[in-house]
Colleague: 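First, the structure itself, so that you have it in front of you.
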Amino acid sequence: MNNKTILYAEDDIIIQKILGKFISKKYPDTLIASNGRDALSLFEANKVDAVVTDLSMPVMSGFELIRKIREQNTVTPIIVTTAYRDEAKQLDDAGVTILYKPIDTKELMKSLEAAFA
């Protein structure tokens with residue numbers, strides 16, 4: 001079993017269930033949040049090895065989540081999932097990996113594995 005803890009933030013419940021289940025098959029200690037505020041609370045309360053987050057979420061966006069995580073921790077790998085290429089360009093200097101929706105699960109797994117290499 002893989003002992004890495006992944007934090008996955010996604011507000012679309014269908015995508016969240018599908019990708020959350022997929023991620024947790026390899027990383028059983030996957031924490032799931034439906035918005036950035038809940039994700040930040042989970043990040044602060046747990047030892048998280050990597051973050052996978054959507055950008056467009058209610059309550060707190062993925063942009064704000066990334067900013068707040070980076071204020072506390074500059075090394076935790078962050079993988080962004082988004083359907084908006086223009087939106088993602090704002091993250092050029094944030095040190096994140098960007099994957100565009102629809103998410104290729106093989107690409108997601110490669111990105112997570114690369115984060116731990």
Side-chain angles (χ1 to χ4, degrees):
M1 279 287 157
N2 196 312
N3 62 351
K4 301 289 186 190
T5 299
I6 309 299
L7 172 57
Y8 177 47
E10 170 63 62
D11 65 311
D12 182 306
I13 195 71
I14 295 169
I15 295 171
Q16 181 193 93
K17 286 188 182 298
I18 293 169
L19 281 184
K21 187 175 183 177
F22 184 81
I23 294 168
S24 65
K25 281 183 181 178
K26 177 147 187 173
Y27 301 99
D29 295 331
T30 297
L31 308 170
I32 298 177
S34 297
N35 62 62
R37 183 184 64 205
D38 291 348
L40 183 61
S41 293
L42 287 169
F43 182 84
E44 292 173 339
N46 296 275
K47 181 191 175 298
V48 173
D49 297 295
V51 176
V52 178
T53 184
D54 186 18
L55 289 180
S56 297
M57 294 184 290
V59 185
M60 179 191 292
S61 73
F63 289 106
E64 192 172 351
L65 173 63
I66 292 166
R67 184 179 57 76
K68 289 184 179 283
I69 287 173
R70 287 296 181 236
E71 287 172 359
Q72 301 174 39
N73 178 310
T74 59
V75 297
T76 298
I78 299 175
I79 299 168
V80 171
T81 61
T82 185
Y84 305 103
R85 293 180 187 274
D86 290 341
E87 197 175 60
K89 289 179 185 175
Q90 298 174 43
L91 295 170
D92 282 346
D93 297 327
V96 301
T97 300
I98 300 170
L99 300 178
Y100 294 103
K101 294 178 180 179
I103 299 300
D104 178 330
T105 54
K106 288 180 184 173
E107 191 176 350
L108 176 59
M109 286 298 114
K110 278 188 199 175
S111 296
L112 282 168
E113 290 166 15
F116 303 131

Colleague: I'd like to check Thr5 versus Lys47 (side-chain heavy atoms, cut-off strictly below 4.5 Å). Are they in contact?
Modeller: no
Colleague: Is it the case that atom NZ in Lys21 sees more than 12 heavy atoms from other parts of the structure closer than 6.0 Å?
Modeller: no
Colleague: Is there a path from Met60 to Ile69 through hydrophobic residues (I, L, V, M, F, W, Y) whose side chains come within less than 4.5 Å of each other?
Modeller: yes
Colleague: With side chains defined as the heavy atoms from C-beta onward, is the minimum distance between Val75 and Asn73 less than 4.5 Å?
Modeller: yes
Colleague: Give the cluster check for Tyr100 versus Val52: same hydrophobic cluster or not, with ILVMFWY residues linked at side-chain heavy-atom distances below 4.5 Å.
Modeller: no
Colleague: Do the side chains of Leu31 and Ile6 join up, straight or via other hydrophobic residues, at under 4.5 Å, putting them in one cluster?
Modeller: no
Colleague: Would you give the length of the straight line joining atom CG of Asp29 to atom CG of Asp49, rounded to the nearest 0.5 angstrom?
Modeller: 9.0 Å
Colleague: Who are the side chain to side chain contact (heavy atoms under 4.5 Å, CB included) partners of Asp11, not counting sequence neighbours?
Modeller: Asp54, Met57, Pro58
Colleague: Does any N or O in the side chain of Asn46 come within less than 3.5 Å of the main-chain N or O of Val48, such that one atom is a donor and the other an acceptor?
Modeller: no
Colleague: Mark yes when over 12 heavy atoms from residues, nucleotides or ligands other than Ile14 sit less than 6.0 Å from its CD1; otherwise mark no.
Modeller: no
Colleague: Taking all heavy atoms of Asn35 and all of Arg37, pick out the closest pair and write down the distance.
Modeller: OD1-N, 3.0 Å
Colleague: Determine which pairs satisfy side chain to side chain donor-acceptor pair (under 3.5 Å) with at least one residue from residues 103-117, sequence neighbours left out, and list them in order.
Modeller: Lys26-Glu113
Colleague: Can you tell if the side chain of Leu55 reaches within under 4.5 Å of the side chain of Ile66, non-hydrogen atoms only?
Modeller: yes
Colleague: If I compare all heavy atoms of Leu7 with all of Ala39, which pair ends up nearest, and what's the gap?
Modeller: CD2-O, 3.3 Å
Colleague: Just wondering, do Lys68 and Phe43 contact through their side chains at under 4.5 Å, heavy atoms?
Modeller: no
Colleague: Can Met109 and Ile23 be said to form a side-chain contact (heavy atoms from CB on, under 4.5 Å), step by step?
Modeller: CA-CA 8 Å; Met109 286 298 114; Ile23 294 168; 4.0 Å; yes
Colleague: Rounded at 0.5 Å granularity, tell me how far CG in Asp12 sits from NZ in Lys101.
Modeller: 6.5 Å
Colleague: Should Val51 and Leu112 be counted in the same cluster of Ile, Leu, Val, Met, Phe, Trp and Tyr side chains packed under 4.5 Å apart?
Modeller: no
Colleague: Can you tell if the side chain of Tyr8 reaches within under 4.5 Å of the side chain of Tyr27, non-hydrogen atoms only?
Modeller: no
Colleague: Please identify each residue that fulfils salt bridge (Lys or Arg N to Asp or Glu O under 4.0 Å) with Asp38, with sequence neighbours left out.
Modeller: none
Colleague: Would a hydrophobic clustering, with Ile, Leu, Val, Met, Phe, Trp and Tyr connected at side-chain separations under 4.5 Å, put Ile78 with Leu42?
Modeller: yes
Colleague: Side-chain contact test, heavy atoms from C-beta onward, threshold under 4.5 Å: evaluate it for Glu10 versus Thr81 and give yes or no.
Modeller: yes
Colleague: For Arg67 and Glu64, what are the C-alpha separation, side-chain angles and deciding distance, and is it a side-chain contact (heavy atoms from CB on, under 4.5 Å)?
Modeller: CA-CA 5 Å; Arg67 184 179 57 76; Glu64 192 172 351; 3.6 Å; yes
